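Inspection log for the structure reproduced underneath, given as structure tokens.
As the structure is a prediction and not an experimental result, all values here were calculated from the model. Hydrogens, waters and symmetry mates play no part in the numbers below; they use all other heavy atoms, side chains included. Per chain, numbering begins at 1; letters A, B, ... match sequence-line order.
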Number of protein chains: 2
Amino acid sequence: MARKRPTINDVAAASGVSRGTVSRVLNGHANVSLAAELAVRRAVIETGFVVNRAARSLKTSRTGSIVMVLSEPQERLFEDPNFSVVLRAATRRLADRDTALVLMVAGDRGGRDRVARYLRGGHADGALLVSAHAGDPLLEAVEHSGIPVVACGAVLGRESAVPYAAADDRGGARQITEYLAGLGRRRIGMITGPLDTPGGALRMEGFTDVLGRKATKRMVVHGDYTQAGGERAMRTLLENAPALDAVFVASDLMASGALRALHDAGRAVPGDVAVGGFDDSAIATATSPMLTTVRQPLEEVAGEAVRLLVALLDGDRVESVVLPTELVVRDSA
Amino acid sequence: MARKRPTINDVAAASGVSRGTVSRVLNGHANVSLAAELAVRRAVIETGFVVNRAARSLKTSRTGSIVMVLSEPQERLFEDPNFSVVLRAATRRLADRDTALVLMVAGDRGGRDRVARYLRGGHADGALLVSAHAGDPLLEAVEHSGIPVVACGAVLGRESAVPYAAADDRGGARQITEYLAGLGRRRIGMITGPLDTPGGALRMEGFTDVLGRKATKRMVVHGDYTQAGGERAMRTLLENAPALDAVFVASDLMASGALRALHDAGRAVPGDVAVGGFDDSAIATATSPMLTTVRQPLEEVAGEAVRLLVALLDGDRVESVVLPTELVVRDSA
DNA sequence: GTGAAAGCGCTAACAT
DNA sequence: ATGTTAGCGCTTTCAC
């Protein structure tokens with residue numbers, strides 16, 4: 001066993017044509033007779049041939065792989081259930097292209113350096129940025145590498161430089177804020193995400209879009225996308241504005257923490273305080289009451305991001321896309 | 001700009017030695033004079049040289065990458081927050097080796113074929129299997145490919161063939177079952193995972209280890225690791241055994257569904273029915289009441305799995321490892 | 001300790 | 001439409 005892996009030469013020999021022709025068939029070039037093509041395809045199957053990507057890459061200087069770069073610091077990724085979804089959609093979209101997906105985490109200095117080296121080494125044809133922050137030093141490295149880049153979620157401040165696919169954070173925030181207001185709630189607070197992330201900044205903008213000057217400083221507190229952070233923020237909010245009767249929390253995970261704080265404070269949800277989340281992640285139906293929230297079409301976002309990247313690789317021009325969100329009404333508001 | 005990438009020849013020229021010597025320095029071979037080494041290192045930095053993996057791989061037929069294969073069907077992965085953790089730990093562990101992590105999903109027929117081809121093509125040095133099922137056709141493909149394989153979580157029925165790192169599912173199930181029994185609960189039910197997964201089979205074994213013949217067929221129902229499945233299973237259990245006063249649910253996600261079913265049936269938790277989960281995932285603290293559960297050291301499991309794989313790649317023999325779990329007492333039991 | 005040279009498997013330009 | 005050929009950038013004998 002463990003016979004040596006067949007090469008293109010073996011296929012050529014088995015099919016009675018030259019290496020060149022085999023290569024042409026493999027790469028779908030024109031100018032190949034039907035007979036030759038058939039013979040080659042048979043031989044490929046017969047020999048169990050699989051192209052050697054290294055050799056191909058050496059010659060073409062394309063690698064057949066793209067890298068997905070996560071710039072979240074560890075703890076956040078750790079808590080983020082959304083990430084699996086993104087990954088899934090990406091691999092699925094890449095499936096037909098037989099492009100490999102390599103994954104790198106650039107959470108700290110060392111990670112960024114590694115990514116930068118990898119990219120500079122030309123080891124990937126393109127990069128997919130996930131949750132890059134504004135001013136992320138990684139960005140420079142990536143852009144500097146000169147390979148096509150697409151972001152999953154806008155990169156704040158670089159929207160025109162880095163094409164992206166994203167959910168309509170601002171619009172979604174408007175939807176739920178309007179819903180809360182439409183319920184007759186008059187004192188609506190908000191717990192935001194970190195303001196250097198699109199979900200942090202844009203969801204807050206959507207909130208103020210609707211509430212205008214009623215969105216006062218003390219009614220808005222900033223969280224960090226963790227459950228504990230949401231709980232803390234809710235307590236602060238309750239101190240700032242004891243009379244509050246609704247709150248929009250920028251992520252379901254934080255909302256679950258907020259629910260706990262509300263419960264501990266003896267406020268009924270949604271009776272005393274209506275709670276709106278964001279994401280529609282698995283956690284939204286695990287809480288009690290279940291969260292009324294905004295569904296982000298994350299699968300589609302990730303799928304679109306990959307589509308953009310692939311288009312870029314193929315030399316097309318691309319336009320960023322923003323996908324609509326959807327209000328999901330459950331029990332918390 | 002966009003100057004051509006420097007090659008080993010540029011480094012050789014810049015440092016005044018031959019390509020061969022540069023290569024020796026790069027690969028840490030002996031028999032290189034200090035002077036030469038220094039000169040080469042300087043030149044590497046000066047030129048910004050990064051080895052071309054394709055070329056190296058072509059020559060050595062090692063690729064410098066390993067592939068992580070997810071054999072979960074899509075929907076399950078979709079709901080599984082644990083997966084991010086595994087991924088994180090794996091990338092971290094690989095960081096120093098400058099080994100790339102490529103990710104493939106083998107959820108369906110097409111996915112499996114892709115993985116098989118990838119492996120047969122020699123595109124990875126090793127494979128890390130995540131949640132492979134018993135009798136998974138993927139397994140054959142992987143083993144057939146002849147590259148080192150390690151599983152994250154035991155592969156049922158192939159424990160001795162495929163080295164693995166896993167949490168002590170059986171022991172953990174015993175812990176929580178004993179805890180439930182120690183609370184004085186006499187009619188303890190269980191919701192298992194799919195029995196062709198280690199978490200399904202082993203946690204059920206741990207349960208019956210403790211309860212012996214008290215674990216009757218009607219007290220055990222099988223779930224599918226989803227929230228909806230957990231809810232359904234709990235309803236069935238309630239029909240089968242209305243007098244039940246405790247339930248061990250094989251995952252937190254299912255437990256959150258069970259909690260809902262219990263709530264809908266008007267049973268107080270933990271008053272009427274104590275609920276124990278498994279995983280200690282983010283969802284365990286989002287539910288109300290918060291889940292008493294079993295913490296799996298998933299980070300460590302994934303880290304160990306990678307360590308085993310790396311050892312295998314280095315030609316060492318390895319032994320599977322099983323890591324202890326920990327009971328986490330909260331409010332549901 | 002170091003240089004020279006062969007060649008890994010493939011693609012693409014050039015012949016024919 | 002097909003065969004021939006020249007490397008892609010690297011590692012690794014083999015000489016010295």
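In this structure, the side chain of B:Ser71 engages the main chain of B:Val130 through a donor-acceptor pair within 3.5 Å. Checked by atom type and distance alone, the side chain of B:Arg5 pairs as donor or acceptor with a backbone atom of A:Arg120 at under 3.5 Å. Panel note: side chain A:Asp10, backbone A:Thr7; a donor-acceptor pair is recorded below 3.5 Å.
Counting non-hydrogen atoms under 4.0 angstrom, B:Thr60 reaches the backbone sugars and phosphates but no base. Using a 4.0 Å heavy-atom distance criterion, B:Asn31 is classed as a base contact. Looking at heavy-atom distances under 4.0 Å, A:Ala54 makes no contact with the nucleic acid at all.
Between A:Ile8 atom CD1 and C:dG7 atom P the separation is 19 Å, expressed in whole Å. The nearest whole Å value for the distance from the CG atom in B:Leu58 to the C1' atom in C:dA6 is 13 Å. The CZ atom of B:Arg19 sits 12 Å away from the P atom of C:dG3 (whole-angstrom rounding). If you take CZ of B:Arg53 and P of C:dG9, they are 20 Å apart, rounded to a whole angstrom. Spacing between atom CG of A:Asn9 and atom P of D:dT4 amounts to 12 Å, rounded to whole angstrom units.
Fit an axis to the five pairs at each end of the helix from C:dG1-D:dC16 to C:dT16-D:dA1 and the two axes sit 40° apart, to the nearest 10 degrees.
For A:Arg5 against C:dG9, a side-chain-to-base donor-acceptor contact under 3.5 Å is absent. Scanning atom types as modelled, one donor and one acceptor separated by under 3.5 angstrom connect the side chain of A:Lys59 and the base of D:dG7.
Comparing atom distances between the B:Arg24 side chain and each of C:dT11, D:dG3, C:dA4 picks out C:dA4 as nearest.
Salt bridge status for A:Arg97 with A:Asp125: absent, with no side-chain N to carboxylate O gap under 4.0 Å. Taking a cutoff of 4.0 Å between a charged side-chain nitrogen and a carboxylate oxygen, A:Glu37 and A:Arg24 do not qualify as a salt bridge.
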*Chi angles and distances behind the side chain to side chain contact (heavy atoms under 4.5 Å, CB included) call for A:Val17, A:Val22*: CA-CA 7 Å; A:Val17 301; A:Val22 175; 3.8 Å; yes
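Using a 4.0 Å cut-off on heavy atoms, none of the residues of residues 113-120 of chain A approach DNA chain D.
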